[in-house]
Each structure stands twice: as structure tokens, then as C-alpha cells.
Amino acid sequence: MAVLFLLGIVCLAWTSNEPTTFCYKCKKYHLGLCYDGMLSCNLQYQQSCATENIYVLSRKGRSLYYYSKLSCMTNCEDVNFLGFETRTELICCKHSNYCNLPQGS
């Protein structure tokens, strides 16, 4: 009896009526093109669409856009990472389908 009850809970979780959100997935995206073939992923529990914008730092400290990575990411948070030669900007969204296309594309 307990097994049937647990099976019912699992089935209810799988058939939830929440709409599925889709995101772009690409390892190297630049100037409107995906260089390894554009794919898509659908958001799972605690995931968001993610855009990782990679910038190269000039000798004067300016950030020059290089390319973007598009994906579905778990526990995504908007943040900037600063290294010695690069800066990475992570932008997360889940408000609409394919919301992780870099702006200006």
C-alpha cells in the first residue's frame, strides 16, 4: 500500500501542469552565429537559462567582448568574474522561452 502511495506521488510530480521553458544551448556564440551548432535545453528543477559573456581585458583594463556561452544552469545567479586576462559576466533568466540570447545579437 505504501509503495502505491509513493508511486502516485512520483507520477503527480512528473505530470505537473507547469509550462516548460526552453533555452538556447551553444558552446561558442558570437555575432549572431553559433559555431558548434545551436541546440536547446528545457529547464529542470532550480534551473535558469544562462548567458556567459566572455570578455578579454586590454592592457588599459578595458573589457573587449569575445564570445558567449548559452546553456541551462542549476542555481544560476547573475555575477561577474574577473581574472587576470578575462572577465566573465553571467546573466540568468527564466521569464520566457529562449531568453538567454545575448543582447545586441
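Along the sequence shown, residues carry numbers from 1.
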How far apart are the C-alpha atoms of Y29 and K69, what are their side-chain angles, what is the distance that settles it, and do they pass the side chain to side chain contact (heavy atoms under 4.5 Å, CB included) test? CA-CA 6 Å; Y29 181 89; K69 295 178 187 177; over 6 Å; no

Would you mind telling me which of I91, N100, T88 makes a side-chain contact (heavy atoms from CB on, under 4.5 Å) with E52? T88

Quick one: does S40's side chain have a donor or acceptor within less than 3.5 Å of a partner on F22's backbone? no

Only pairs under 3.5 Å count here: list side-chain donor-acceptor contacts from residues 75-87, not counting sequence neighbours, and write none if there are none.
| from | atom 1 | to | atom 2 | distance (Å) |
| --- | --- | --- | --- | --- |
| D78 | OD1 | C92 | N | 2.7 |
| N80 | OD1 | R87 | NH1 | 2.9 |
| R87 | NE | S63 | OG | 3.1 |

Atom OH of Y66: over 12 foreign heavy atoms under 6.0 Å: no

Whether D36 side chain and K27 backbone form a donor-acceptor pair below 3.5 Å: yes

Tell me, with the steps shown, if L43 and C23 meet side chain to side chain contact (heavy atoms under 4.5 Å, CB included). CA-CA 7 Å; L43 296 182; C23 309; 3.4 Å; yes

When you group the ILVMFWY residues by side-chain heavy-atom contacts below 4.5 Å and let the links chain together, are Y35 and M38 in the same group? no

Would you please say whether a donor-acceptor pair under 3.5 Å links the side chains of N53 and S68? yes

Measure across C99 and K94 and return the closest heavy-atom pair with its distance rounded to 0.1 Å. SG-N, 3.8 Å

Is any side-chain heavy atom of T74 closer than 4.5 Å to a side-chain heavy atom of Q44? no

Atom of K28, atom of Y67 and distance for their closest heavy-atom approach: CG-CD1, 3.7 Å

Residues T21 and S96: closest non-hydrogen pair is CG2-O, 3.7 Å

Rounded distance [0.5 Å steps], CG in L101 versus OG1 in T51: 7.5 Å

For the Cys pair C49 and C93, is the SG-SG distance shorter than 2.5 Å? no

From Q47 atom CD to C72 atom SG, the distance as rounded to the nearest 0.5 Å: 5.5 Å

Is there a path of hydrophobic side-chain contacts, each under 4.5 Å between heavy atoms, that joins V56 and I54? yes

